[in-house]
Number of protein chains: 2
Amino acid sequence: MLSKKAKYAIKALLALADRDPDEPMRIADLARREQIPPKFLELILLGLRNQGILRSRKGKGGGYLLARDPKDIHLGEIVRMFDGPLAPVPCASQTAYVPCADCRSEAVCGVRLAMKEVRDATAKILDGTSLDSLRGQVARASLLDQAR
Amino acid sequence: MLSKKAKYAIKALLALADRDPDEPMRIADLARREQIPPKFLELILLGLRNQGILRSRKGKGGGYLLARDPKDIHLGEIVRMFDGPLAPVPCASQTAYVPCADCRSEAVCGVRLAMKEVRDATAKILDGTSLDSLRGQVARASLLDQAR
DNA sequence: AGATAGTCTACTTACCCGATAGAGTAAATA
DNA sequence: TATTTACTCTATCGGGTAAGTAGACTATCT
């Protein structure tokens, strides 16, 4: 399950990627626009800032901005940041491998084998989807939706 | 994250798939063999039985057996049973779709778009992997492992 | 009958998610 | 430089759920 934090983070970043890259957006506006509890969003944006994904400006006219090009921010990074490794099971993780205590023969565990496939497929999608490309996908889906 | 229940279930089923289909295996033996807390395993096997995946025999010489051909038991079924829908987000689920309250424009949500891809890839793997095919994969991996 | 082995319900424990509160700090502008 | 604007940070809380345990009960075999 994707946590609310990760979900809200993606929505917020997507909204920011849709704007003039130099015009900051306030927490409150972002929260209203995306239907996110403001204080909760605050926490999320702070995390993204400390991770180097967002920058912020204080005071009047301040708010949050993307710290990097939307082409260089991938969903994988965001999901890992909030929800940890993509692999369903630690022993199948690439970025955070931890062996499991209850596995007798390390290399030949069926669970690990299957879950490694899942993690690879997931990583391929999420690490291959940037904010920018997702924005494109949404735009295309939007056109299709209007067409009917 | 895969729950321990689902993980233990898969391990136990895999062990059962590796035996004479008519020779039951006791909870205690299964637990020892797979390093699973016996009382916890008890709960899991009971669930699998009520789901029609296992059968049981009571009394001396009793234990658990697969209720179906290992070719007809897929990981997707097991994971869904214990952990719910495969989709990371309810609005991307095929088997348990629930719209999200905070989505303004239903069809053109970036999160949903990306997560639908993830769920489709995951479903393809897990619904495509039977106990039997996984057993085969393990056997092959085992050979490779011995070769080094 | 007695031993064996699954069935079922009810806990307990610990952890974590989602959310909120409030005091603090930095920047902009009048 | 005083004031307003907005982000920064720590603490906390309620509720839910995962993992595991206990114990009484029931069915089957010898």
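Letters go in sequence order (proteins before strands), and every chain restarts at 1.
- Inter-axis angle, ends of the helix from C/dA1-D/dT30 to C/dA30-D/dT1, five pairs per end, rounded to 10 degrees: 10°.
- In this structure, the side chains of A/Lys4 and A/Ile36 stay at 4.5 Å or more apart for every pair of heavy atoms.
- Looking at the side chain of B/Ile27, the nearest of the listed nucleotides C/dG6, C/dG18, D/dA6 is C/dG6.
- At a threshold of 4.0 angstrom between heavy atoms, the contacts of A/Tyr8 are confined to the sugar-phosphate backbone, with no base atom among them.
- Between the A/Thr122 side chain and the A/Val118 main chain, a donor and an acceptor come within less than 3.5 Å of each other.
- Between B/Lys7 atom NZ and D/dA18 atom P the separation is 16 Å, expressed in whole Å.
- Rounding to whole angstrom units, CG of residue B/Leu46 and P of C/dA5 are separated by 17 Å.
- In this structure, B/Gln35 atom CD and D/dA19 atom P are separated by 18 Å, rounded to whole Å.
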All N/O contacts under 3.5 Å from nucleotides 14-16 of chain C to the protein, with atom names and distances to one decimal?
none

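- Residues B/Leu16 and B/Met25 are in side-chain contact: their nearest non-hydrogen atoms beyond the backbone lie under 4.5 Å apart.
- Taken from CG in A/Leu131 to CD1 in A/Ile78, the straight-line distance is 5.5 Å, to the nearest 0.5 Å.
- Atom-to-atom, CZ of A/Arg26 to C1' of D/dT8 comes out at 17 Å; the value is rounded to the nearest Å.
- One atom, OH of B/Tyr64, and another, P of C/dT4, lie 19 Å apart when rounded to the nearest Å.
- At a threshold of 4.0 angstrom between heavy atoms, the contacts of B/Leu45 with the nucleic acid are absent.
- Here the straight-line distance linking atom CG of B/Leu2 with atom CG of B/Asp83 works out to 5.5 Å at 0.5 Å rounding.
- In summary, B/Glu77 and B/Arg68 engage in a salt bridge, as defined by a charged side-chain N under 4.0 Å from a carboxylate O.
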Query raised in the report: For nucleotides 20-28 of chain C, read 5' to 3', which letter fits each nucleotide if B means a protein heavy atom sits under 4.0 Å from the base, S means only the sugar-phosphate is that close, and - means neither?
Result: BBB--BBBS
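- Rounded to a whole Å, the CZ atom of B/Phe82 is 13 Å from the C1' atom of D/dA18.
- Distance, A/Asp83 CG to C/dC17 P: 8 Å, rounded to whole Å.
- Considering OG of A/Ser130 and CD1 of A/Ile73, their distance stands at 9.0 Å, rounded to 0.5 Å.
- Taking 4.0 Å as the cut-off between side-chain N and carboxylate O, A/Asp127 and A/Arg80 count as a salt-bridged pair.
- Checking side-chain atoms of B/Ser133 against main-chain N and O of B/Thr129 turns up no donor-acceptor pair under 3.5 Å.
- Between B/Arg55 atom CZ and C/dT7 atom P there is a gap of 13 Å when expressed in whole angstrom units.
- When the side-chain nitrogen and oxygen atoms of B/Ser56 are compared with OP1 and OP2 of C/dA5, none of them lie within a distance under 4.0 Å.
- For the pair A/Tyr64/A/Arg49, a side-chain contact is recorded, criterion being any heavy-atom separation below 4.5 Å from C-beta on.
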